[in-house]
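One structure is given below, encoded as structure tokens.
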Amino acid sequence: MTDAPFRPFETHLDAENTTKIVREALSGAEDGELFLERRRSEMLVLDDGRVKTASYDAAEGFGLRAVKGEVAGYAHATEISESALKRASDTARLAIGDGGGVMAPPPKGTNTRLYTDADPIAGASFPVKLETLREIDAFARDLDPRVVQVTATIAASLQEVFILRPEGGITSDVRPMTRVNVSVIVEENGRRESGTAGGGGRVSLDGLLAPQDWQSKAREALRVALVNLEAEAAPAGVMDIVLGPGWPGILLHEAIGHGLEGDFNRKGSSAFAGLMGQQIASKGVTVLDDGTIPDRRGSITIDDEGTPSGKNVLIEDGKLVGYMQDRQNARLMGVEPTGNGRRESYAHIPMPRMTNTYMLGGDTDPGDIVADLKDGIWAVGFGGGQVDITNGKFVFSCTEAYRVKDGKVGAPVKGATLIGDGASALKHIRAIGNDMALDPGMGNCGKQGQWVPVGVGQPTMMIGGLTVGGSA
């Protein structure tokens, strides 16, 4: 596989013959497409001064989908050839049965470009990347004598996709992705704690390899580690919580976002099913899913069905006004697709997925929100979490949090977990800050075994009555 641009209709397939095969395969279907993809990725990891990982992966293939009603037939292959496509068409057609469907209109086109199409892997040489990792390691160790271990990661990938519709229309997208992460472990008096910082987006590596960028990440990772070095055991009980801006929006993403995806609501399995137009959150709460933000990790020029991405309002001033839709669920629900049909790769069928999901800011000074917290937790950083879509119940672990009493920020706490449900949390939002921020570009979202890059964001906000799990 070469580094030359992916041109499947020049190197693998004849466009006219391929269109004929796809049209015949989807005869009698209501929707469907041929999705072709090539993906290349590289990752370098320096751990404790040694190269732990130096990997390069490349893969290409196609997926053919035939949709009728609630059923979708899907076949995929790593071999991009006419013979493989003909074999796949026999499998995909099983979903169509006796046919009789009317093909849905194709997606509208777009001339928008939200990110560069330059190859981020070739943007810097291997020796330059390796030397940067060594510089990160040395810099982080020099920051504080308590640093005993440093892990630095540089990752870059390029995904190239072509989507062929049965009527002959072809859309394409070239999607770069880069990320630099720094993790440190500090030790004092026999106690060890860690901190991590990182980020990136659909940008070249140039900016991320600049010293001013990775040095700020190293300082932030050290700051978090030192905070945790002083942390006390987290209290347990029901209390008010203040969430910081930016990355804490991952709680919004998991506890609320998944419940607003079209498939869960069409099937009635979401906690928000059947509530369109109703007040489901406090006044002032407006939540959007926006795949159109330039260079962001979750942004897509077109989704994986060819629909242009959108800036979609989900909750407006507390009222549920929209769901995220792919083409199949939108058609079955009698609404328009929103540009949220996403798939992990050519080997996966598309489904409604988030892009960049965030809450708009309010008009309250964030310092005033913390000052109004009588007895609770100020959660600034989050790790992993889990959510049950059917009832919205979630559990999230905090990576940086502080005890607050009578508006005064006290000691950092360790081991705090936030427990609640999305529907109740939305109604107990008591204050919204004016400091809305997006995350630094490090999110991945899992759904039904598929992973896609996403973004999150929110302002500082107070939520009343969450359960805090701790050990104190």
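- Between the side chain of Asp435 and the main chain of Pro459, no donor-acceptor pair closer than 3.5 Å is present.
- Judged by distance alone, the side chains of Asn444 and Arg297 do bring a donor and an acceptor atom under 3.5 Å apart.
- Taking 4.5 Å as the limit, every side-chain heavy atom of Thr116 sits out of range of all side-chain heavy atoms of Val203.
- Between the side chain of Asn340 and the main chain of Arg353, a donor-acceptor pair closer than 3.5 Å is present.
- The side chain to side chain donor-acceptor pair (under 3.5 Å) contacts involving residues 221-245 comprise Glu220-Arg223, Arg223-Glu400, Asp240-Arg430, where partners must be two or more places apart or lie in separate chains.
- Using a cut-off of 4.0 Å between Lys/Arg side-chain N and Asp/Glu carboxylate O, Asp406 and Lys408 are scored as not salt-bridged.
- A donor-acceptor contact under 3.5 angstrom links the side chains of Gln159 and Glu37, judged on distance only.
- Taking the side chain to side chain contact (heavy atoms under 4.5 Å, CB included) definition, one finds that Lys52 meets it with Val45, Asp47, sequence neighbours left out.
- Atom CG in Leu320 sits 6.5 Å away from atom CG in Leu275 (nearest 0.5 Å).
- With hydrogens and angles disregarded, a donor-acceptor distance shorter than 3.5 Å links the side chain of Thr399 to the backbone of Phe382.
- Applying the salt bridge (charged side-chain N to carboxylate O under 4.0 Å, His left out) test to every pair with at least one member in residues 368-380, sequence neighbours left out, gives these pairs: Asp375-Arg403.
- The environment of Glu188 atom CD is dense: over 12 non-hydrogen atoms of other residues, nucleotides or ligands sit within 6.0 angstrom.
- None of Arg342, Lys267, Arg266, Lys447 except one satisfies the salt bridge (charged side-chain N to carboxylate O under 4.0 Å, His left out) rule with Glu261; the exception is Lys447.
- At least one donor-acceptor pair under 3.5 Å links the side chain of Thr355 to the backbone N or O of Gly291.
- Between Arg192 and Glu187, at least one side-chain nitrogen of the basic residue sits less than 4.0 Å from a carboxylate oxygen of the acidic one, meeting the salt-bridge criterion.
- Counted by atom type alone, Tyr115 and Ser299 present zero donor-acceptor pairs between their side chains at under 3.5 Å.
- Contact check for Ile293 versus Leu114: no side-chain heavy atoms found under the 4.5 Å cut-off.
- The closest donor-acceptor contact from the side chain of Thr460 to the backbone of Gly433 lies at 3.5 Å or more, if one exists at all.
- Applying the 6.0 Å contact sphere to CD of Gln386 captures no more than 12 heavy atoms from other residues, nucleotides or ligands.
- Pairs of residues two or more places apart, or lying in two chains, never qualify as salt bridge (charged side-chain N to carboxylate O under 4.0 Å, His left out) while including a residue from residues 384-397.
- Evaluated for a side-chain contact (heavy atoms from CB on, under 4.5 Å) with Leu360, the options Val287, Val285, Thr286 yield exactly one hit, Thr286.
- Taking CG of Asp303 as the reference point, atom CD of Glu305 lies at 5.0 Å (rounded to 0.5 Å).
- Here CD1 of Ile377 is found 13.5 Å from CD1 of Ile463. Values are rounded to the nearest 0.5 Å.
- In terms of the side chain to side chain contact (heavy atoms under 4.5 Å, CB included) criterion, residue partners of Glu131 (sequence neighbours excluded) are, by chain and number, Arg134, Glu135.
- Among residues at least two apart or in separate chains, salt bridge (charged side-chain N to carboxylate O under 4.0 Å, His left out) pairs with a member in residues 319-333 are Glu30-Arg331, Asp31-Arg327, Asp31-Arg331.
- For the pair Asp304 (side chain) and Arg343 (backbone), a donor-acceptor distance under 3.5 Å is present.
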task: Evaluate salt bridge (charged side-chain N to carboxylate O under 4.0 Å, His left out) for Arg202 paired with Asp117, printing each intermediate quantity in order.
output: CA-CA 9 Å; Arg202 296 197 183 278; Asp117 58 2; over 6 Å; no
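- From Leu243, atom CG reaches atom CD1 of Ile241 across 7.5 Å, with rounding to the nearest 0.5 Å.
- Side-chain atoms of Ser270 never come within 3.5 Å of backbone atoms of Asn265 as a donor-acceptor pair (strictly under, hydrogens ignored).
- Annotation for Val335 and Gln325: closest pair CG2-NE2, 3.6 Å, computed over non-hydrogen atoms.
- One finds no salt bridge joining Lys427 and Asp421 here, because no Lys/Arg side-chain nitrogen approaches an Asp/Glu carboxylate oxygen to under 4.0 Å.
- Aromatic ring centres of His348 and His76 lie farther apart than the 6.0 Å criterion allows.
- Going from atom NZ of Lys311 over to atom CG of Asn356 covers 11.5 Å, rounded to the nearest 0.5 Å.
- Between the Thr171 side chain and the Gly306 main chain, no donor and acceptor come within less than 3.5 Å of each other.
- By the 30° and 60° cut-offs, the orientation of the rings of Trp378 relative to Tyr402 is tilted.
- Checking side-chain atoms of Lys405 against main-chain N and O of Leu373 turns up no donor-acceptor pair under 3.5 Å.
- Within the model, atoms CH2 of Trp214 and CG of Asn181 stand 15.0 Å from one another, a figure rounded to the nearest 0.5 Å.
- Side-chain atoms of Asn312 come within 3.5 Å of backbone N or O of Thr338 as a donor-acceptor pair.
- Between the side chains of Ser183 and Thr196, at least one donor N or O sits under 3.5 Å from an acceptor N or O.
- Side chain to side chain, Ser55 and Thr53 fail the donor-acceptor criterion of an N or O pair below 3.5 Å.
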task: Test salt bridge (charged side-chain N to carboxylate O under 4.0 Å, His left out) on Arg40 and Glu42 and set out the steps.
output: CA-CA 7 Å; Arg40 293 179 288 119; Glu42 179 185 75; over 6 Å; no
